[in-house]
Structure formats: C-alpha cells, structure tokens
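Take a look at the structure below.
It should be emphasised that the depicted structure is a prediction, and the values quoted were computed from it without experimental measurement. Residue numbers start from 1 in every chain, and the chains themselves are labelled A, B, ... in the order their sequence lines are given, proteins ahead of strands.
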There are 2 protein chains.
Amino acid sequence: MVARCQVDYAGRLTAHLPMATRVLMIKADGSVLVHSDGGSYKPLNWMSPPCVLREGTTDDGVALWTVTSKAEDTLQILIEEVLSDTSHELGIDPGLQKDGVEKHLQELLAEHPATLAEGLTLVRREFPTAIGPVDLMCRDATGASVAVEIKRRGEIDGVLQLERYLELLNRDPLLTAKGPVRGIFAAQEIKPQARVLAEDKGLTCALVDYDALRGLDDPTERLF
Amino acid sequence: MVARCQVDYAGRLTAHLPMATRVLMIKADGSVLVHSDGGSYKPLNWMSPPCVLREGTTDDGVALWTVTSKAEDTLQILIEEVLSDTSHELGIDPGLQKDGVEKHLQELLAEHPATLAEGLTLVRREFPTAIGPVDLMCRDATGASVAVEIKRRGEIDGVLQLERYLELLNRDPLLTAKGPVRGIFAAQEIKPQARVLAEDKGLTCALVDYDALRGLDDPTERLF
DNA sequence: CAATTAATGTCGCGC
DNA sequence: GCGCGACGTTAATTG
C-alpha cells in the first residue's frame, strides 16, 4: 500500500514521522512495515509480530490505524490519502538457504585444524568455559593446548574474546600441564588493528582461505 | 511488486531462495528488498545501495533481474510470474524524530545518585577522561570517588568500558586522595555474564528501576 | 524459555 | 573515510 501518512510509535522509545508519502506493508501475521523510498532494508518504523492491527477513524473522519503488541508498544498510523492498495495471498515461504557463515568455517577448520598451524589436532569444538564456549580447542605437536577463535571478519572484539578465554583456560592445571594455553585468531579477513592487538597480546593470527578449505573437503574439487 | 520468483545472492555469503510468491520492493536508489509474508522487518534477501539493477531475460525467455553493488555482491532474481506491479514517486522523506532512553536514564540517575548506593552524591555528568567521558562521577559518604557507567542493558562490553575508565582514573592523585576510585555498573537489566565479570573485577552492579526513578522525579506520580 | 552470539547486521557520531 | 558504540537491533542456536 502506498499512502500519505503520519506515524507515531511509543514503546521502548517514542518516535514520530511527519505526514509524507510512504509505503506501508502489512504481513499475514499482522506485522506492519513503514518504508521510505531510500535508506537500506530497515523500515522507518514498524511493529513486529505478534501484534494486532485495528482500523478506525479520527473525529475528523481520517483513517487511523492502531497497531499494538503484547507489551505496551503501540504504532499509530494516520492515513490522509491512499495512492495504491493491493492485497495478495503469498503462502508460506520455503525459506532461505545460507552458506559461508561462521558455522561453516568452524566445521571446515574442525576437520582440518592442521591448516591453522602445523601438527595441530582437534580436541573438541565448542569447548565450554565459565564465560562461554571456545570455538576450537586443539593440541599442538608438543601436547600443549591451543584455543582457536574463529570469525568471518576478524576485528578487535574477537581478539578480546579470545584473550578472555585464555585468561580463564590458563587457570586450569589440566590444560597447562604441557605449557601455557596458546591462542590462534582465525578469520577470512583480519583488520589491521585487530592483527596488531592480537600480536601485541602474543596471539597468533591465521588467515583462512574458505574456498581452499572447501576444496580439501570435497573430493570432486581435490586436485591431487 | 508481487511475483513468483527465485532469488540467489552471492557476496559476503551465498544464499538461495526457492521459487515462491514474494513481495519485491525497488526503491528510488536502486536498492531491492525481497519480503515474505511473515517474519519481522528484515527481508529474506536484499541489496543495499549503492547498486545497479539490470533487467534481462534467460535463454528460456524468463525475466531475470541482476542487481550488482560496487563490491562483487550480486543478487539474481528470476521472475516466473508477476501478480502485481505498481510504481510511485514518493519524494524525500522528512525523516524520523526519536527520543532515546539511555540519555534519560542518565538524567534521572544524575538527579538521584543515592539510589545507586547510600550516601552517593553527584560530582558531575559526562566526566571527561583521555579515552572518553564517564557517565557519572560521584563521591561516597567517605569522600572517595565513584565512577558510574550507565547502560540500558548491561553486557560485557559495558563492564570492560568501565574497567578502562577506572584504570585511567586511578592514576589521578586528586581522585584517589580518599582511597581508590570504585566503579558502579548501573543498568535496567544486567546479563549474567556481565555480572560475573564485573564482580570478578571488583565492580559493583546496580539494577536500575526506570519507572521508580521517574516516579521520584515526577511529583504527580509520587505516592507520599 | 532464557541466554548467548552472529549478522550480507544498520545507523549515527566523532575524528 | 575509518573507528566505535548503540540499536525498538533481529535472528538463530543451545542448555
């Protein structure tokens, strides 16, 4: 639907959109999106499901939609003029298939830990600690423990995360029996700042070649 | 536009949407959104501006849109059947007016610092340091300095931020004259991990009741 | 259901 | 333009 409208939201914050021409999308579950003709995929304003849309009119006879959620969130849309209004039955969507996210990277590296450092072998994925799981826990050729943090894009956050894990892990005498736990920061892309910080902290950085790893895994793509 | 379509994205990851009926929105800047009839405001697939949309046809004569961005990102939309197609000139949007929450929380706590810890008095808001301003700088009943970091939702990031401030502040002999600077981590909600980390670092956690604070501030809501 | 983390995050500010 | 932090983050996964 395309309409001249004014929108007011009150909930976790309050927001106001002056009267202007915008696109209104009402989905099957009652959720509402208010889009302008630019910006990115995020609507100017919206109401997430579950919610209820009630159509009414003001005292002036202008259409007023009120969308309310289970919480106290309310979205009020004053509709001055409707330029277009179409409705369609879409049915359920078969859903999105994704490939190439961090989980895939972790699976591939778990199968080929030696690509990170020579002689590295996997102990387990998602190794638990008090502050969350370490992506990969490995052992090197000397038997010393090595914690691996995997990111699609390596930034400062990831380095700090690995550092916190190492601080905890190095308190565990079982893990440090063969020397202190080392850290490897593995990512498809490592930002310069993150690399500097990691190396300053004594961590090893490893650039991961996703396509090459996938090749190792898939015999049809193996070259020799 | 409503159409039966199949969508493939290749860029930072690869994603595939099987043939189904969906809503396609093409904005003035060439950006494209692919929405299903449910979920929240995030499209199933999209291309952000700046990007270019080219309309073509496959060898079978089926419409094929190709959207490319400056990077190597490409979105391919195979359109089997068009159920609806409308186009409108929207003009530029006057934009959204927001009224945030965290700032308001800081104002309220600045007026009622004693709700954080008994005997606490405000020195100043946005107390400047070399790495950024501390939300609230206070003094306790003994005259010792207390730094307060305020978050709507307290997570690990906020604890680290407060810790960095304290490290700097404790180098200042003027502030540490009456003992080391303490830290209070104040939030409407504090995640377990953040609480553990904060207490491990010797920081105090304070849960803030936004409504109660607002009540203190507003005589019309005061009960006695 | 709560908690934790990734995201094609997006958005906005400050340097 | 980059870096950093907030977001009505949203979305997915796991205990």
Side-chain angles (χ1 to χ4, degrees), chain A residues 7-15 31-34 38-49 51 67 69 71-75 95-96 98-106 125-126 128-135 149-153 155-158 160-161 187-188 191-194 197, chain B residues 7-15 31-34 38-49 51 67 69 71-75 95-96 98-103 105 131-133 135 149-158 160-161 164 187 189-196:
Chain A
V7 185
D8 285 280
Y9 166 77
R12 279 175 266 192
L13 57 71
T14 59
S31 58
V32 178
L33 314 187
V34 181
S40 159
Y41 68 69
K42 191 176 179 181
L44 292 168
N45 225 323
W46 71 94
M47 183 64 73
S48 305
C51 60
V67 193
S69 75
E72 295 161 21
D73 294 27
T74 61
L75 189 69
L96 185 65
K98 283 186 182 183
D99 179 26
V101 286
E102 177 178 323
K103 191 178 155 190
H104 286 247
L105 214 55
Q106 194 191 108
R125 283 172 56 187
E126 302 287 348
T129 77
I131 57 170
V134 178
D135 287 338
E149 174 66 32
I150 301 169
K151 287 271 178 271
R152 198 170 52 73
R153 285 162 51 185
E155 301 181 23
I156 285 179
D157 278 4
L160 296 178
Q161 196 177 338
Q188 279 183 279
K191 294 287 174 80
Q193 282 201 340
L197 183 65
Chain B
V7 185
D8 285 280
Y9 167 78
R12 280 172 268 192
L13 58 71
T14 59
S31 57
V32 177
L33 315 186
V34 181
S40 172
Y41 68 68
K42 192 176 178 180
L44 292 169
N45 222 323
W46 72 94
M47 182 65 74
S48 303
C51 60
V67 194
S69 75
E72 296 160 21
D73 295 26
T74 60
L75 189 70
L96 186 67
K98 279 186 183 178
D99 182 18
V101 172
E102 174 172 339
K103 190 179 158 192
L105 208 58
I131 56 170
D135 287 339
E149 174 66 31
I150 302 168
K151 288 269 176 277
R152 194 170 59 74
R153 284 160 45 185
E155 301 180 25
I156 284 179
D157 283 3
L160 297 178
Q161 196 177 335
R164 287 196 300 271
E189 176 196 350
I190 296 180
K191 295 290 174 81
Q193 282 199 339
R195 180 178 290 275
V196 168

Margin query: Say we look at C/dT5 and D/dC7: how far apart would their C1' atoms be, to the nearest angstrom?
Written below: 16 Å
Margin query: Does C/dG9 have OP1 or OP2 under 4.0 Å away from a side-chain N or O of A/K42?
Written below: no
Margin query: Could you tell me how far apart B/K191 (NZ) and D/dT9 (P) are, to the nearest whole angstrom?
Written below: 10 Å
Checklist line | Contact nearer the 5' end of DNA chain D, comparing B/K151 with A/K98 | finding: B/K151
Item checked: Separation of D/dT13 C1' from A/E126 CD (nearest whole Å) -> 10 Å
Item checked: Spacing between A/E155 atom CD and D/dC2 atom C1', to the nearest angstrom -> 12 Å
Check: Can you find a side chain N or O atom of B/R164 that sits less than 4.0 Å from OP1 or OP2 on D/dG5?
Finding: yes
Next item on the list: Starting from P on C/dA7, measure out to CG on A/D157 and report it in whole angstrom.
Entry: 13 Å
Note to self: Does D/dT9 have its OP1 or OP2 closer than 4.0 Å to a side-chain nitrogen or oxygen of B/R153?
What the structure shows: yes
Margin query: If you only use heavy atoms from C-beta on, which nucleotide in C/dC11, C/dT8, D/dA6 is closest to the side chain of B/D73?
Written below: C/dT8
Note to self: Keeping B/E189 on the side-chain end and B/R153 on the backbone end, is there a donor-acceptor pair under 3.5 Å?
What the structure shows: no
Note to self: Quick one, A/E102 and A/K151 - any side-chain contact, counting heavy atoms below 4.5 Å?
What the structure shows: yes
Checklist line | Whole-Å C1' distance, D/dT14 and C/dT8 | finding: 24 Å
Next item on the list: Ignoring backbone atoms, test whether B/S48 places a side-chain nitrogen or oxygen under 4.0 Å from the OP1 or OP2 oxygen of C/dT8.
Entry: no
Check: Has B/W46 got its ring stacked on C/dT8, by the test of a centre gap below 5.5 Å and a plane angle below 30°?
Finding: yes
Next item on the list: Give a yes/no answer on whether the side chain of B/Q193 brings an N or O atom under 4.0 Å of OP1 or OP2 in C/dT5.
Entry: yes
Notebook entry, point to check: Counting side-chain heavy atoms from C-beta on, which of D/dT13, D/dC4, C/dA3 comes nearest to A/K103?
Noted result: D/dT13
Notebook entry, point to check: Nearest nucleotide by nearest heavy atom, which residue falls closer to the 5' end of DNA chain C, A/P133 or B/Y41?
Noted result: A/P133
Notebook entry, point to check: So what does A/L105 hit on the nucleic acid, given a heavy-atom distance under 4.0 Å: a base, only sugar-phosphate, or nothing?
Noted result: nothing
Next item on the list: Mind calculating the distance between CD (A/E149) and C1' (C/dT4) to the nearest angstrom?
Entry: 13 Å
Notebook entry, point to check: Which whole-number value in Å describes the distance from B/D8 CG to C/dT8 P?
Noted result: 16 Å
Check: How long is the gap from CG on A/D135 to CZ on A/R125, to the nearest 0.5 Å?
Finding: 9.0 Å
Note to self: Between B/R12 and C/dG9, is there a contact of a side-chain N or O with OP1 or OP2 at under 4.0 Å?
What the structure shows: yes
Next item on the list: Using heavy atoms to find the nearest nucleotide of DNA chain C for B/N45 and A/S40 separately, return the residue whose nucleotide is more 5′.
Entry: B/N45
Check: Going by heavy atoms in the side chains, are A/H104 and A/K98 under 4.5 Å from each other?
Finding: no
Item checked: Non-neighbouring partners of A/Q188 that pass side-chain contact (heavy atoms from CB on, under 4.5 Å), sequence neighbours left out -> A/L105, A/R152, A/Y210
